[in-house]
Structure formats: structure tokens, C-alpha cells
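Just so it is clear, the structure is predicted and the values come from calculations on it, not from any experiment. Heavy-atom basis, side chains included; hydrogens, waters and symmetry copies ignored. Count residues from 1 along the sequence.
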Amino acid sequence: MTFDRRVLYCATFMVLLLIFNPLTAFAEDRFTSLDERKVTLIYYGSDEGSMKNVHFLDGTLSGLFEHVELVNLDDVNAEKLRNSEIIVFYSAYEIDDQKKLNLFSDYEEFVLGIGDGALHLPQFSDWTISGKQSVFSIGEKKLERPMEILKIKPAEQMEVIEWGQKFEERFPVILKNSAKGFVDFNTFDSERRFIFSKSLFSLFQLEEPEIHPAYIRLEDISPVSDPKQVSETAAYLLDKGIPVYLVIIPVYINPETGKKVTLDDAPDLKKVLEQLVSRGAYVISHGYTHTYHSTETGEGFEFWDSVMNQPITALAADESVAKIKSRDEFSILEEYGKYLRSLQQIESQYTKNKLENSIHSLTNWGLPPTAFEAPHYAMSSNGYRVASQYFSAIFGQMQVSDTDWKVMTAPLFISSPAILNGMTLYPETIGYVNPDSLDPIGEVEEVLDEVAEVPGAVIGGIYHPYLGMEYLEEFVSLFEKVPNLQWIELDQYPHSVQTDYVRISLPGDGRILVKEEFPWQTKITNYFKDNPVEALLWVIVAVTGIFLSIFIVYIFFLRIRYRKQLFEERN
């Protein structure tokens, strides 16, 4: 065999290896490439309802585009428009700031208007609106309730992406041409979010992803969880090659006695978790105690005061909490701002303490967390800012109000919404198995079918280990029927978790690197904090040792003096 032929064979082998190597194929499928065009999402209206829609749009767009900037209309200027390759404009309200609207007159790139107010843009000035009309379905999807839309007559030839239907009549709901598009929604509740998310691929001429990323979280594992149930449910998933996400609360607090139970007090469960992690299970930090004040661990909240329905305002569990004052209670705006900043400092310190305790305790137990999930997904925007200093990945949904925890949303794609301050969101999209439901699996299946119709949408769901195996096989079978489903392996994505003393790195190549550098003072402090009885015994031992040492020294000096006296008497 000549040298040239050997080189040819080697090159051919390498090419075949690259083509058929499953790891290479996985890497190509794993990352959904983001479009590089610069998108500016401009919104008008800052009420709670508008902002919920804005955060949904932001999350959805950031799951498809690499560069998304969120801008209030008040902050728009000519330079921002010049730097935008796509403008998405959302408003449910009439806009009376003509000076701002005029800025859009010279904009020649693609504009997508969403909501009634967007039709005030100059791009839509030649459209005719002839009242409103209710439709009962959009495309092939029947709506839960009739939806009111505008009766639009575009001035030029438009491609209708989705039609609304009322009996035999139909009306355009989502339409576009090469320069502009319009979505006749004001909100993204229920089925609208599926219709809208699916339409984006046509609106922006994006290539539809072929796979659905997916995950199952085993939720609310605490020191009082049944080790057998945790072991059974997790092992079932692992045996089927499904990644396991263990959502762990490190400390359980008995609401009646206040007694803390840690994983050190639950050696059987701890051993099970260690074995699961050694088999590749991922740990998600679910806070530290999953409770605030006297609520029960797992039932209560931790990063939101659910009783007062407001952000955290007290560091200690036994501190009384007052309702946060309103702007009307301050005569001077500066005083109100100062008051809010003082509360935010308390919330920040509280959140830091809780997150650091969670990361440190889990890591010390050999269960290093790789991501975060806020209990009940409840957390203020300031809380997210603090959490982003520790975690780069977060699971669940987003609370998008600082005054009401029930205002939540989640995009259908893996994304990085601005409110999460750099954290990547792995959204929960299909809910959980609710044993109190008349049809626990059927309810999940109904939502899953809708999510699966959106290209690239995450199939993300929850299963509670306390249910045992009763519903798990059926739950998993729902996932398995989705074509081109691909389980999310978090260690294939670059992420990190860090404090001043711990750094957990996921370089994205399958490794999880853990580095701990606790100062000895911290180790002693933590040890005493976690083992107060042993600490007291050690203090007693130390005090006894000191007095014993003093006694021995005293005896030693007495003997020296005695020998000295004997020596002097002999002389």
C-alpha cells in the first residue's frame, strides 16, 4: 500500500466517522441555532396585563433569535431603530405620542405589529379597520371561547398565515408580506400562545426545528421523602435512558415544632440520592427550606411572601411582616424610593443567604446542584437578579409581576428572557400529574398535544415521587409518542453554579466539575451550625482541656519550686 493510498483511506475513515459518529450527530441536533438578526421588541403600556404579554414575547423571541432587546416606547430613538433588523411592536392600547410614532416612518426593515395599538404605526396607515368580529376557531384549532378580532382590510397583497373562522366566514388573524406582518392578538393566554409561537416560523422565515427538547423533573424531594419511592421512580427513568432531574429541598422544617430535618438525618434517602447522582442524575436546587415563616416545607413559598402576596421583607422567620406601603403613603417621591430600596436590600440579603445555604449544603452532601428552581416559581424581578449571580440555568415558569405571584408565564422554547438577567430558562410547558384530577394523565396529554404542534417547543413536565409508580409509566409514554423528541442532557450545555467558595462548572462536554474552597473558619462555623449538640460537647472538652492544662502547668511549676527549695536547703 502506497503512502498516498493510506492517506486516502485514513481521510475516508475520518469522514465516515464524523458522519456516523452518534456523538457528532447528537451535537448537531442538540443545539437549535438561533437566528442572528437583531430584534428590538418595543412595547407600549406598563400595566400588569401588558407586561405579562411583553415578557412572554421576550421569552419566545429570545428562544429563536440571538439578539433581542426589550425597549419601552418612551425610550425608543432613531439610533435604536437604525440598529434593528426586525422590529416587533406590541401594544393593546391607542398611542397618542405622534412624535414617537413618526420615528418609525423611515424604518424600512421588517415590522411585526402585535395588538390593536400597533396599527398606529405608519407602516399600517393605509389599512382599513371596519369594526370587530368574533371568531370561534383559528386555523384548525377550535377556541375555548370566542375571540374578538379586528376586521382588517390590508391595502396590499398579504399572505394570511392564520385565518379566524366564524361559521362559513373567515377573517385574517395573522398575516404578512415582505415588509410587515400583523398579529391580531392582545393577549397570549391559553391556545393563543401555541398559535402565535407556531406562526413565528412563517412570519420570520425561520427554519423549523426538527426536534422537541424534553425533560421530566422529579419534584419536591426533601429529607422526609420516602427513599424507596425516590429510588423507584428515578431508577425507572434512568433504566429507560431518560435523564433524571432531582429537584431537592435540602432542609425540611416541621411547621408545628420548628425542628429542622436535613439529609444527614435521612441517611437512607441520602444514600439513594448519592447513587442516583453517580448514575448521572442532575440535582436542581429547590431553594433551601421551601418555606417562609411558619408554612410547611414543600407547601409554603420561600422567595415570595405568599401570605401578604408581596416580596420578602424580613430576614428572620419570627419577624413580623407588614404590608408594603404604597406610593400614596409618601408625600415625597424620593422617600418612597428610599423606602423601596431598603426593602429590596433585605430581600437581596435574604435570597443570597438562602441560595448560598442551598448550594453549600447540597455540595457538601455530594449532590452539587446544576440549576435552580424557585419554589412555586414565585420570585420578584429583584430575586431573579440575585439568583442570576449564582445560577446560569433555571427551570420552570417566570413570575412576571412584583405585586402578584399569580402573574406567571413561560415561553415554549429554551430561552433567555431579559427578566431572568442572563439565566437560561428551561420552561415547564405541560404541567404535572395531578392525582386529584378526574383524569390525571388525560389532562397532561391534552396540553402535550398542543405543545408538540409547535416546532422546537420544549416538552417539559413534572412528576412527584410520592406518587410512586402509579402514573409514571403512562406519563413517560406520553413523551415517547412525540416524534423526534430528544431528552435534554444538561451537561451538554455550558452552565455554571457558583458562590464565593463553590464553583460547579458544566463546560458542555458531559463533565460536571466541582471545586470547593471553604476557609477553615467557614468550615468550623458551618459544622457548628449543622451540629449544635456536638459543638456544645466540643466547647466543654475545650474548656476542660484548658483548665487541665493550667493545672498541669501549675503542678509543673510547683515541682520546680519544690526542687529548688530542696537544692537550697542541701547547700
Side-chain angles (χ1 to χ4, degrees), residues 39 41 43 49-50 52-65 86 88-92 110-119 132-152 154 158-167 169-177 180-209 212 397 408-415 417 427-431 445-460 482-483:
V39 178
L41 170 58
Y43 65 95
S50 291
K52 179 181 178 182
N53 295 318
V54 168
H55 288 300
F56 171 79
L57 290 169
D58 182 35
T60 300
L61 292 168
S62 68
L64 300 173
F65 293 91
I86 293 174
V88 177
F89 190 100
Y90 169 80
S91 174
F110 188 82
V111 175
L112 175 64
I114 302 174
D116 300 6
L119 292 175
K132 295 188 175 182
Q133 178 65 59
S134 292
V135 294
F136 303 144
S137 62
I138 295 180
E140 297 179 353
K141 188 179 291 293
K142 289 187 178 179
L143 301 175
E144 293 176 0
R145 283 174 292 185
M147 187 176 83
E148 193 173 66
I149 63 168
L150 297 171
K151 294 176 72 174
I152 299 171
M158 299 287 287
E159 173 193 353
V160 178
I161 296 172
E162 292 290 358
W163 290 95
Q165 193 91 16
K166 181 183 180 183
F167 303 121
E169 288 185 283
R170 62 178 192 170
F171 309 90
V173 175
I174 301 177
L175 57 167
K176 64 163 274 191
N177 65 12
K180 60 193 170 193
F182 184 72
V183 177
D184 203 351
F185 298 165
N186 283 330
T187 66
F188 298 92
D189 294 329
S190 61
E191 60 268 89
R192 293 179 184 82
R193 64 186 184 127
F194 302 116
I195 297 167
F196 172 75
S197 299
K198 187 178 179 181
S199 73
L200 289 174
F201 297 96
S202 298
L203 283 168
F204 296 118
Q205 295 180 306
L206 298 169
E207 185 178 351
E208 294 186 357
H212 284 286
Q397 299 184 24
M408 289 196 179
T409 189
L412 301 178
F413 310 116
I414 298 171
S415 61
E428 177 241 298
T429 55
I430 65 167
E445 184 176 18
E446 190 176 336
V447 180
L448 184 146
D449 288 343
E450 290 193 290
V451 176
E453 289 181 10
V454 180
V458 175
I459 314 291
V482 178

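Under the side-chain hydrogen bond (donor to acceptor under 3.5 Å, both in side chains) criterion, K166 pairs with no residue at all, not counting sequence neighbours.
Here E191 does not pair with K142 in a salt bridge; the nearest charged N to carboxylate O distance is not below 4.0 Å. Salt bridge absent: E162 and K198 never bring a charged side-chain N and a carboxylate O closer than 4.0 Å.
Shortest non-hydrogen contact noted between I161 and S199 is CG2-CB, 4.1 Å. Minimum interatomic distance between P411 and P427 (heavy atoms only, all atoms of both residues): O-CB, 3.3 Å. Heavy atoms only, all atoms of each residue included: P417 and G59 are closest at CG-CA, 3.7 Å. Nearest approach of G164 to V173, heavy atoms of both residues: N-CG2, 3.4 Å. The two atoms that bring V451 and A457 nearest to each other are O-CB, 3.5 Å, heavy atoms only. In this structure, H212 and V454 approach most closely via the heavy-atom pair CE1-O, 2.9 Å.
Residues I86 and L112 are not in side-chain contact: their nearest non-hydrogen atoms beyond the backbone lie 4.5 Å or more apart. Two residues are said to be in side-chain contact when any heavy atoms from C-beta on lie closer than 4.5 Å; I138 and W163 fail this criterion. Inter-residue side-chain proximity for I195 and F185 is flagged as met; some heavy-atom pair is nearer than 4.5 Å. Residues V39 and V88 meet the side-chain proximity criterion, which asks for heavy atoms closer than 4.5 Å. A heavy-atom distance below 4.5 Å is not found between the side chains of S91 and D116. With contacts defined as side-chain heavy-atom distances shorter than 4.5 Å, the pair F167/E169 does not qualify.
Of the possible donor and acceptor atoms, none in the side chain of N177 sits under 3.5 Å from a partner among the backbone N and O of E159. Between the T429 side chain and the V458 main chain, a donor and an acceptor come within less than 3.5 Å of each other.
Separation of atoms CD1 (I114) and OH (Y90) is listed at 8.5 Å; rounding is to 0.5 Å. A distance of 10.0 Å separates OG of S137 from CE of M147, quoted to the nearest 0.5 Å. To the nearest 0.5 Å, atom CZ of residue F110 and atom NZ of residue K176 are 5.5 Å apart. To the nearest 0.5 Å, atom CG of residue L200 and atom CG of residue L57 are 8.5 Å apart. We find the CD1-CD distance between I459 and E428 to be 12.0 Å, quoted to the nearest 0.5 Å. With values rounded to the nearest 0.5 angstrom, D184 atom CG is found 10.5 Å from R192 atom CZ.
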Please step through side-chain contact (heavy atoms from CB on, under 4.5 Å) for the pair T409 and R193, ending with a clear verdict. CA-CA 10 Å; T409 189; R193 64 186 184 127; 5.9 Å; no
For F182 and L203, run side-chain contact (heavy atoms from CB on, under 4.5 Å): C-alpha distance rounded to whole Å, both residues' side-chain angles, the deciding distance at 0.1 Å, then the answer. CA-CA 9 Å; F182 184 72; L203 283 168; over 6 Å; no
Any chance you could lay out the side-chain contact (heavy atoms from CB on, under 4.5 Å) test for E450 and K141, step after step, and finish with the verdict? CA-CA 10 Å; E450 290 193 290; K141 188 179 291 293; 3.3 Å; yes
For S197 and F413, what are the C-alpha separation, side-chain angles and deciding distance, and is it a side-chain contact (heavy atoms from CB on, under 4.5 Å)? CA-CA 9 Å; S197 299; F413 310 116; 4.2 Å; yes
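A distance below 6.0 Å separates the ring centres of F188 and F56. Under the 6.0 Å cut-off for aromatic ring centres, F204 and F65 qualify, their centroids lying closer than that.
Results of the side chain to side chain contact (heavy atoms under 4.5 Å, CB included) test with D449 over E453, E446, E445 single out E445 as the only residue that passes.
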